[in-house]
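All remarks here apply to the structure that follows.
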Amino acid sequence: MPLTRRDFAKRSAVAGAGVALTGSVGVLATAPGAIGQEVPEADAPAPAAGARGRAPGYGPLLDDPAGVLALPAGFTYKIITRAGVTRLESGEPTPSNHDGTAAFEGPRGTTLLVNNHELKGPRAKWPHPVPLAEGLVYDPAAAGGCTVVEISRDGSHVAERVGIAGTSTNCAGGRTPWGTWLTCEETEDKAGQNGMTKDHGYVFEVDPHDPRAARDPRPIKALGRYAHEAVVVDPRRGHLSLTEDADRPNGLFYRWTPPHGFRHGRGRLRRLADDAGVLAAPRCYDSGGRFVDDLSRATRTGTVYGVDWIEVPDRDARRTPVRKQFADGLVTRARKLEGMWWADGGAYIVASYAREESPVRHDGQVWFYDPRRRTLTLKVLLGVNPAPAEDGAFDGPDNITVSPYGGLIIAEDGAGVQHLFGATDDGRMYPIARNDLDTGTPEKPEYSEFTGPVFSPDGRTLFANIQEPGIMLAIRGPWRRQG
């Protein structure tokens, strides 16, 4: 049932509070239709109550003599896997381009990590594609997939195997409440395009506990075919929320509602009919009932939009990409929709940046979707970073997780210097790590993005990846409550 304007006005007055960040160069002008003029820092929202006292974080980052990862004093890291260097149980090299990751409790005190490998196009293009493990291959022409990494309790033993192969551009994905991983293809390639022999742009389920469960991979076509980025599951309602990283026009985030009587569980999504449930895109509006065409219109943290849902006409995009099936003025879009994480009764959703293709420029937003109120609230806003090559400011949030020590942990995929950084509940940012691995030249240094931040089940270790060349890291140190 659509949310009425009166209902939304009541709910917007009591929308939940949480992380509320402003950007590095101030907050942008507010209200739909505003031009992108900047507001001086003095006019930015004041820090929330409790923001005073000890500064958040763990102190300055110290350069790494090994040239891999800068960390605060007292923190250490260990390389868990490295593309082309470490080996799978089969003897083949670890695949490259590490991306979305989830952690699970394994047998005998081990930790299981499912790690996406964002490899697009044919296998010949990549030195280290995901090996074509027997029975786990969807399309033998495709280079991507994911691996399952098992780490012993003391970290002394690491084993890695293929979780799924023959998929393409496996990006953020998402963990399910029933203990599996949904790996997402960020591509729209069809059979015959870019060397592929099958259609791509789907979500697949991988069970880290049971290699047999992923045999004969089958896409979950009910979730649609488009440039998938991330997915989260509403454990109460059974809905899935999904993001799309696309432009021309800007992408969408989606809600999939299961068919009546469906009960989630291991392997059940892949057995659904291709048209099961309802896939829908958002139509947002402000407290005055005005339609919002693009999320970049929100230029102050705390902005709240009501959300209605418009059903997707052809979720398998046989003739027209899903995002292009909606006329202008019907749905709400955003550029570079990226990572998601379910916590606090809703979904945290990242829009990485907006430029000329969007109404208002920014260098990152994090939204919170409340399914009970059917509202979107802007929690994090990063103004355009004027000096991305200089260490200090943050831009381009991508993968995201909620920290057991409070607030958010965000992987940076911006221009120039790349960080893992934290955002406290009262609106402050702090660095956790910096990528010191220069893959460029002395004249033009280059640092790859961070991906897949996730804490171990016991909360003692933060796992994260440097996407290129592909390194999984385990970070340990004196973690403490933030904010």
Side-chain angles (χ1 to χ4, degrees), residues 19 21-25 56-58 60-64 67-72 75 77 97-101 116 118 171-172 186 229-230 243 245 335-341 348-355 361-367 379-403 407-424 427-440 445-455 462-473 475 482:
V19 177
L21 264 60
T22 56
S24 57
V25 295
Y58 303 95
L61 302 179
L62 307 179
D63 292 345
D64 179 11
V68 177
L69 193 70
L71 293 168
F75 281 76
Y77 73 88
N97 291 66
H98 297 32
D99 210 291
T101 306
N116 277 357
E118 191 179 13
C171 210
E186 188 193 330
E229 176 72 27
T243 50
D245 182 359
R335 178 70 178 100
K336 199 76 176 156
L337 286 162
E338 294 278 0
M340 305 178 76
W341 197 267
Y348 289 92
I349 305 170
V350 172
S352 192
Y353 62 78
R355 291 292 185 267
R361 293 161 56 96
H362 64 74
D363 257 342
Q365 296 175 327
V366 180
W367 292 86
K379 297 291 189 178
V380 176
L381 174 61
L382 299 174
V384 175
N385 186 353
E390 298 178 10
D391 197 8
F394 308 119
D395 59 86
D398 196 316
N399 290 176
I400 189 172
T401 190
V402 171
S403 171
L408 305 173
I409 305 295
I410 299 171
E412 190 175 11
D413 179 18
V417 182
Q418 306 292 335
H419 300 88
L420 289 172
F421 65 95
T424 67
R428 295 172 291 171
M429 291 181 290
Y430 59 93
I432 295 172
R434 184 186 65 239
N435 178 8
D436 277 357
L437 183 62
D438 184 358
T439 58
E446 186 173 344
Y447 301 93
S448 177
E449 66 181 281
F450 280 103
T451 63
V454 63
F455 276 90
L462 174 63
F463 296 100
N465 312 301
I466 296 174
Q467 186 176 70
E468 296 179 23
I471 300 174
M472 177 183 284
L473 302 153
I475 302 169
Q482 297 295 321

Short side-chain to backbone donor-acceptor contact, Gln418 and Glu449, under 3.5 Å: no

All heavy atoms of Pro397 vs all of Ile410, minimum pair found to be CB-CG2, 3.4 Å

Practice item. Taking only Lys NZ, Arg NE, NH1 and NH2, and the carboxylate oxygens of Asp or Glu, determine whether Arg434 and Asp63 approach each other closer than 4.0 Å. Key: yes

Rounding to 0.5 Å, atoms CD1 (Ile471) and CG (Leu437) come to a distance of 5.0 Å

On a heavy-atom basis, the closest approach of Asp413 and Ser352 is O-OG, 4.4 Å

*asked:* Do Asn97 and Glu468 make a side-chain contact, defined as non-hydrogen atoms from C-beta onward lying under 4.5 Å apart?
replied: yes

Subject >> Note, Tyr58 side chain near Gln482 side chain (heavy atom, < 4.5 Å) >> reply: yes

For this session: Ignoring hydrogens and angles, tell me if any N or O in the side chain of Asp363 forms a donor-acceptor pair with the backbone of Asn385 under 3.5 Å.
Result: yes

Item to complete: Find out whether Cys171 and Asp245 are in side-chain contact, i.e. whether some heavy atom of one side chain is under 4.5 Å from a heavy atom of the other.
Response: no

### Query
What is the ring orientation for Phe394 with Phe421, classed by angle as parallel under 30°, tilted 30 to 60°, or perpendicular over 60°?
parallel

The reported gap from CG in Asp398 to CD in Glu229 (rounded to nearest 0.5 angstrom) is 5.5 Å

TODO: Verify, without hydrogens or angle tests, whether Ser448 (side chain) and Ile466 (backbone) share a donor-acceptor contact under 3.5 angstrom.
DONE: no

So CZ of Phe450 and NE2 of His419: to nearest 0.5 Å the spacing works out to 8.5 Å

So, does Asp395 use its side chain to make a donor-acceptor pair with the main chain of Ala415 at under 3.5 Å?
-> yes

Note: Ile432 and Leu61 closest approach over all heavy atoms is O-CD2, 3.6 Å

Sub-4.5 Å side-chain heavy-atom contact between Leu462 and Leu420
yes

For Gly422 and Ile409, the nearest pair of non-hydrogen atoms, with its separation, is CA-CD1, 4.4 Å

- Message: If you apply the rule side chain to side chain contact (heavy atoms under 4.5 Å, CB included), what do you find for Tyr447 with Asp438, and how did you get there?
- Response: CA-CA 5 Å; Tyr447 301 93; Asp438 184 358; 3.7 Å; yes

* Check whether any side-chain heavy atom of Gln467 lies under 4.5 Å from a side-chain heavy atom of His98, and answer yes or no. => no

### Query
Quick one: does Asn465's side chain get under 4.5 Å of Asn399's, heavy atoms only?
no

(Q) Using side-chain heavy atoms (C-beta onward) and a distance below 4.5 Å, is Val68 in contact with Asp436? (A) no

Minimal heavy-atom distance between Ile400 and Gly339, with the atoms involved, is CG2-C, 3.9 Å

Here the gap from Thr101 atom OG1 to Phe463 atom CZ, rounded to the nearest 0.5 Å, amounts to 10.0 Å

Between the CD1 atom in Ile475 and the CG atom in Leu473, the distance rounded to the nearest 0.5 Å is 6.0 Å

Heavy atoms of His362 and Ala351 approach each other most closely as CE1-O, 3.8 Å

Check whether any side-chain heavy atom of Trp341 sits under 4.5 Å from a side-chain heavy atom of Leu408, and report yes or no.
-> no

Q) Is there a donor-acceptor pair closer than 3.5 Å between any side-chain N or O of Thr424 and the backbone N or O of Arg428? A) yes

dist Arg335:CZ -> Arg355:CZ (nearest 0.5 Å) comes out at 10.0 Å

